[in-house]
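Keep in mind it's a predicted model, so treat the numbers as computed, not measured. This chain uses plain numbering: 1 for the first residue, then up along the sequence.
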Amino acid sequence: AKNYVSLFLNAVPDFDHVPYARELKSKKGLSVQTVVNKNLIDFYKDYPLCGVPPHYKAPMSDELRSSLYPPLQAAIRGKSQKEAANILINFVQTAFDYKTDGEQFGYEKPNFLEENFYYPFNDCEDRAMLYATLVKDMLGLEVVLLDYPEHIASAVRFTEDIPGDNVLIDGKKFLICDPTYIGASIGMCM
């Protein structure tokens, strides 16, 4: 009774693979056919309710990574950090339909990355975590989540000088990138 229980996942649980495929298209024509494991989704559905950090730190499954990353990497290949980050933010902003967790589930529930590609809707923290993961993995940039009252966004530490709304964290400039602010490019804050 003296030990705390950690809800952080260090690895994706290994379940029999039951594929669930979904095609997502951004408003700018980027199309991605994704595959997630339905058994993993069922596990996450019954996962104890907890805050954003365990969801954000959970690794992405190989099934999702191998279907999601190649078309996104092809779309950003040869682009500047600014161009690539804007392609990724437009994808996250427009390929998914928005509903709050209360509207979709009846309670607050951050998504694990795979759940974004299964459930019909996602909201601000889900999009911020997904965008942050894509930018870290594909552009190799440092990303933080910004926790506002009733809203979560992301901010990226670019190595290029990109003007826009930003925050300073430990003297480092992070450009605000809000994947819920539909139509906004990087550096635009609601």
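- Hydrophobic clustering places Tyr119 together with Leu49 (ILVMFWY residues linked when any side-chain heavy atoms are closer than 4.5 Å, directly or through intermediates).
- Among all heavy-atom pairs drawn from Ser31 and Pro71, the shortest one is O-CB, 4.1 Å.
- Linking Ile, Leu, Val, Met, Phe, Trp and Tyr whenever their side-chain heavy atoms come within less than 4.5 Å leaves Leu134 and Val144 in two separate clusters.
- For the residue pair Phe15 and Pro13, the shortest heavy atom distance occurs at CE1-CB, 3.3 Å.
- More than 12 non-hydrogen atoms from other residues, nucleotides or ligands lie less than 6.0 angstrom from NZ of Lys173.
- One N or O on the side chain of Arg22 and one on the backbone of Asn116 form a donor-acceptor pair closer than 3.5 Å.
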* With side-chain contact (heavy atoms from CB on, under 4.5 Å) as the test, would you mind laying out the steps for Leu175 and Asp165 before giving the verdict? => CA-CA 6 Å; Leu175 197 69; Asp165 297 323; 6.0 Å; no
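- Contact check for Gln33 versus Ser67: no side-chain heavy atoms found under the 4.5 Å cut-off.
- Taking the side chain as every heavy atom from C-beta outward, Tyr20 and Thr34 never approach each other to under 4.5 Å.
- Under a cut-off of 6.0 angstrom, the local environment of CD in Glu23 is crowded, with over 12 non-hydrogen atoms contributed by other residues, nucleotides or ligands.
- A pairwise comparison of heavy atoms in Glu103 and Thr100 identifies OE1-N, 2.9 Å as the closest pair.
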* **Intermediate values then yes/no, side-chain contact (heavy atoms from CB on, under 4.5 Å), Leu141 and Arg157** => CA-CA 6 Å; Leu141 298 173; Arg157 183 172 180 226; over 6 Å; no
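- How far NZ of Lys99 is from CG of Asp101: 12.0 Å, rounded to the nearest 0.5 Å.
- In this structure, NE2 on His17 lies 11.0 Å from CG on Asp62, to the nearest 0.5 angstrom.
- Between the side chain of Glu160 and the backbone N or O of Gln81, at least one donor-acceptor pair lies under 3.5 Å.
- Using cut-offs of 30° and 60° on the angle between ring planes, the pair Tyr44 and Phe112 is parallel.
- Sorted by first then second residue, the salt bridge (Lys or Arg N to Asp or Glu O under 4.0 Å) pairs that include residues 34-54, not counting sequence neighbours, are Lys38-Asp42.
- Note: Asn90 CG to Lys27 NZ = 9.0 Å, rounded to the nearest 0.5 Å.
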* Verdict with reasoning, Met190 to Asp178, per side-chain contact (heavy atoms from CB on, under 4.5 Å) -> CA-CA 8 Å; Met190 278 193 232; Asp178 192 336; 3.4 Å; yes
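- Ring centers of Phe121 and Tyr98: at least 6.0 Å apart, outside the cut-off.
- Judged by the 6.0 Å and 45° rule, Lys109 forms a cation-pi pair with Phe105.
- Atom SG in Cys177 sits 4.5 Å away from atom CZ in Phe158 (nearest 0.5 Å).
- Salt-bridge formation is not detected for the pair Lys136/Glu142: no Lys NZ or Arg NE/NH1/NH2 atom is positioned less than 4.0 Å from an Asp or Glu carboxylate oxygen.
- Checking His55 against Asp126 by side-chain atom types alone, no donor-acceptor pair falls below 3.5 Å.
- When all heavy atoms of Tyr131 and Ala85 are compared, the closest pair comes out as OH-O, 3.1 Å.
- Every residue meeting the salt bridge (Lys or Arg N to Asp or Glu O under 4.0 Å) condition with Arg65, not counting sequence neighbours, appears here in chain and number order: Asp137.
- Between atom CD1 of residue Ile89 and atom OG of residue Ser26 there is a gap of 12.5 Å, rounded to the nearest 0.5 Å.
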* In sequence, state the C-alpha distance, the side-chain angles, and the governing distance for Tyr148 and Ile152, and then conclude on side-chain contact (heavy atoms from CB on, under 4.5 Å). => CA-CA 6 Å; Tyr148 298 96; Ile152 293 180; over 6 Å; no
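- Scanning both residues, Leu146 and Ser154, for their nearest heavy atoms gives CD1-O, 4.1 Å.
- You'll find the side chain of Leu130 reaches within 4.5 Å of the side chain of Leu113, heavy atoms only.
- A single hydrophobic cluster is not seen to contain both Leu64 and Leu9; linkage of ILVMFWY side chains at heavy-atom distances under 4.5 Å, directly or through other members, places them apart.
- For Asn37, there are no side-chain hydrogen bond (donor to acceptor under 3.5 Å, both in side chains) partners two or more places apart in sequence or in a different chain.
- Proximity of Gln93 to Thr180: side-chain heavy atoms (C-beta onward) are nowhere separated by under 4.5 Å.
- Proximity of Leu72 to Met138: side-chain heavy atoms (C-beta onward) are separated by under 4.5 Å at one or more points.
- Residues Glu150 and Cys124 fail the side-chain proximity criterion, which asks for heavy atoms closer than 4.5 Å.
- Between Phe96 and Phe117 the shortest side-chain heavy-atom distance falls below 4.5 Å.
- To the nearest 0.5 Å, the span separating CD1 on Ile186 from CG on Asn86 amounts to 4.5 Å.
- Val12 and Met60 end up in different hydrophobic clusters when Ile, Leu, Val, Met, Phe, Trp and Tyr side chains are linked at under 4.5 Å.
- Considering all non-hydrogen atoms of both residues, Tyr56 and Ala132 come closest at OH-CB, 3.4 Å.
- For the pair Ser61 and Leu40, the minimum side-chain heavy-atom distance is below 4.5 Å.
- A continuous path of Ile, Leu, Val, Met, Phe, Trp and Tyr side chains, each step under 4.5 Å between heavy atoms, connects Tyr118 with Leu24, placing both in one hydrophobic cluster.
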